[in-house]
Amino acid sequence: MRLLSLARRLYSARPIAFKHIIGYHYPSLFTAQPELRRHFSVAFRQPSVRHCSTIPPDLPFFSSGNSTSYEIINFDKCVDTLREKYHDGVNEFVGIAQKASDFGSGDEAILFLDECGVKPNQELVFLVIWELRDQWKLAYLLFKWGEKCKCLEENTWCLMIWILGNHSKFSTAWSLIRDLLQMSTDIQEAVLIMIDRYAAANNAGKAIQTFQILEKFSMSPDQRTLLTFLNILCKQGFIEEAEEFMLINKKLFPLEIDGFNIILNGWCNIVVDIFEAKRIWREMSKCCIEPNGTSYAHMISCFSKVRNLFDSLRLYDEMQKRGWVPGLEVYNALVYVLTCENCVKEALKIIDKVKHMGLRPDSSTYNLMICPLCESSKLDQARSILALMEEDNISPTIETYHAFLASASLEGTVEVLNTMRKAGVGPNGETFLLILDRFMKLKQPETALTIWLEMRQYEVVPESAHYSLLVGGLLECRLYSKARELYAEMKSNGIDDPGLRKFLEPTGPRGQGDVSNPEHTKKGKLVKHERHKVIRNEKHRR
């Protein structure tokens, strides 16, 4: 109640900030059933303008809800379980498999694997195929060899289907599903993986068709299969399609709170669209479905991400009145929105309350305080939170250090990089991408080039994104000779960028580069002129 009083005071001090999101009245969301719809409409009035969040995608946000209950196979967990047991054997066998790719035919390659002296088993074949997941032909060769040796388990079949789907080899993946059918094996998990890969390939239509043909395989999808399907669509951004499918098929699959929570999670935590989240909340009212603790957690998460303190605290209070016990993800959301609204003391009190409740704050809890403080250039407060984090024996993560890098000078950046190396949490390629992007936006190319040289000392190999960012920034700063030098280095490393090629490579009939003459560019952007035309700028015209 004290937090809700704080929100009311903030609302009174800044009514305009809240007016476009919610009316001032805060009645109970649920009283008698006939009043259900009225309370929903009062609690979340539709704004006249659609407001979507602009949350940075790399912010270490909390995740709320239990959507993990409807996930497909997590291959990362399977690999982590087996990696320690077969670490040395896997690396050795991957090298042997690479040699098998030199043979002209698959039969010769499989014969070579038979004679390599390695005794296969189910776990080893699974791990080697995982290590070769970026080379689908070689992974498929190992799969056929494992099939010949009768060393394939169900997870290995699903892994191979997943790899083929990653490389858009769907026809080959379907042939494996037909093989499973002939073996009288349950193919439901394999079909769900196909749905996931179709959705990941931005083909929601194929994903929906694949779910609908489950009955052709004499498989009637149950409620859990439907929820897994909806979760797959939402995770890949097809939230509207998932909602439409759920509502159209409500006669076959009765509407339940779990289905609405999956859609709500999509709008609240994947897309972060508060307008659509409130619309789903009202749709639940129309269907006479009461929200549960997961529903409240999703909405509090969404309101906090758009930095709406008033509604976050009001729903938290309402959640407790309805008898739902908030989890750590709810408290993380409150910690974040309180810190964003300059209520650091109240955020620390939330953390103390979490400890007294027997919950243990994690790295995300403290990161959700450090990130907004660093964004606001309140580095002293951020460092004090970091000290509290270490006092609680919680090790800073790479996201923690990335937050400090977002507002550090050159000297501060080098200091943070050294601290990261000592702590054993980086830096990595993403770290330097963040640093280079920041200094280029500040129009400090010399500082960016200094960081580029430091990058080698931390054993980070530049990738395409690093080269493209730096070369493009140098062009915008009109440092053409240095841009050409780095572009030549980029090409010598086998990396190319078509967007940079048209600026830096000769294209004219006389072999002149597009940026050979600075007068042909304006603020680092190419200005095209027709042949035999005289180039005059505004000054010459006047």
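Side-chain contact between H466 and M455 is present, with heavy atoms from C-beta onward closer than 4.5 Å. In this structure the side chain of V354 reaches within 4.5 angstrom of the side chain of L328, judged on heavy atoms. The side-chain heavy atoms of L405 and M420, taken from C-beta on, include a pair separated by under 4.5 Å. Side chains of R360 and K355 form no contact here, defined as non-hydrogen atoms less than 4.5 Å apart. Residues L417 and I435 meet the side-chain proximity criterion, which asks for heavy atoms closer than 4.5 Å. Between E153 and E123 there is no side-chain heavy-atom pair separated by less than 4.5 Å. For the pair Y336 and M369, the minimum side-chain heavy-atom distance is 4.5 Å or more. Looking at W324 and T294, their side chains never come closer than 4.5 Å, going by heavy atoms from C-beta outward.
Here the rule is ring pair (Phe, Tyr, Trp, His ring centres under 6.0 Å) with W281, and of F260, W267, Y296, F275 only Y296 fits it. Results of the ring pair (Phe, Tyr, Trp, His ring centres under 6.0 Å) test with F229 over F253, F245, Y198 single out F245 as the only residue that passes. Only one option out of T400, L373, N367 pairs with L386 in a side chain to side chain contact (heavy atoms under 4.5 Å, CB included); it is T400. Evaluated for a side chain to side chain contact (heavy atoms under 4.5 Å, CB included) with K378, the options V344, N342, I370 yield exactly one hit, N342.
Counting all heavy atoms, side chain and backbone alike, A403 lies closest to C374 at O-CB, 3.3 Å. The minimum heavy-atom distance linking C78 with N155 is given by the pair SG-ND2, 3.9 Å. Heavy-atom minimum distance, I351 versus P361: CG2-CG, 4.0 Å. Considering every non-hydrogen atom in both M440 and A448, the closest pair reads CE-CB, 3.9 Å. For the residue pair A297 and E329, the shortest heavy atom distance occurs at CB-OE2, 4.2 Å.
R133 forms a cation-pi arrangement with W130, by the criterion of a distance under 6.0 Å to the ring centre and an angle within 45° of the ring axis.
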Problem set entry | Test log, rule salt bridge (charged side-chain N to carboxylate O under 4.0 Å, His left out), inputs R314 and D311 | CA-CA 5 Å; R314 188 181 54 76; D311 282 334; 3.2 Å; yes

For this session: Would you sort out whether K235 and D196 count as a salt bridge (charged side-chain N to carboxylate O under 4.0 Å, His left out), showing the intermediate values?
Result: CA-CA 9 Å; K235 278 178 59 181; D196 178 67; 5.2 Å; no

For this session: Please assess I257 against E290 for the test side-chain contact (heavy atoms from CB on, under 4.5 Å), listing each intermediate value before the final yes or no.
Result: CA-CA 7 Å; I257 185 60; E290 292 191 8; over 6 Å; no

Problem set entry | Pair V79-F126, side-chain contact (heavy atoms from CB on, under 4.5 Å): steps then yes or no | CA-CA 8 Å; V79 170; F126 177 86; 3.9 Å; yes

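Counting heavy-atom neighbours within 6.0 Å of K250 NZ, excluding the residue itself, gives a total of 12 or less. In this structure, E454 places its CD atom where more than 12 heavy-atom neighbours from other residues, nucleotides or ligands lie under 6.0 Å away. With a 6.0 Å radius and a threshold of 12 heavy atoms from other residues, nucleotides or ligands, E415 has its CD atom at or below the threshold. The local environment of CD in E244 is sparse, with at most 12 non-hydrogen atoms from other residues, nucleotides or ligands closer than 6.0 Å.
Side-chain N or O atoms of N121 include one that pairs as donor or acceptor with a backbone N or O of L124 at under 3.5 Å. Counting only distance, with no hydrogens or angles, the side chain of H402 and the backbone of L434 share no donor-acceptor pair below 3.5 Å. Formation of a donor-acceptor pair under 3.5 Å by the R438 side chain with backbone atoms of A406 is found in this model. When atom types are taken as modelled, the side chain of S312 and the backbone of N308 share a donor-acceptor pair closer than 3.5 angstrom. In this structure a side-chain-to-backbone donor-acceptor pair under 3.5 Å is missing from S407 to S377. Of the possible donor and acceptor atoms, one in the side chain of S304 sits under 3.5 Å from a partner among the backbone N and O of S301. At least one donor-acceptor pair under 3.5 Å links the side chain of N428 to the backbone N or O of E430.
R307 and E375 are joined by a salt bridge, as a carboxylate oxygen and a charged side-chain nitrogen come within less than 4.0 angstrom of each other.
Considering CD of E390 and CD1 of I385, their distance stands at 12.0 Å, rounded to 0.5 Å. Taking CH2 of W452 as the reference point, atom CG of L469 lies at 9.0 Å (rounded to 0.5 Å). For the atom pair CE of M284 and CD1 of I263, the computed distance is 11.5 Å after rounding to the nearest 0.5 Å. The OG1 atom of T156 sits 9.0 Å away from the CG atom of L127 when rounded to the nearest 0.5 Å. Note that the CG atom of L442 and the OG1 atom of T447 stand 8.5 Å from one another [nearest 0.5 Å]. Atom CG of residue D273 and atom CZ of residue R279 lie 9.0 Å apart, to the nearest 0.5 angstrom.
Inspection of the N231 and T228 side chains reveals no N or O donor paired with an N or O acceptor under 3.5 Å. At a cut-off of 3.5 Å, with distance as the only test, no side-chain donor of Y467 or E463 sits close to an acceptor on the other residue. Inspection of the N418 and Y458 side chains reveals an N or O donor paired with an N or O acceptor under 3.5 Å.
In this structure, F303 has its ring center at least 6.0 angstrom away from the ring center of F310.
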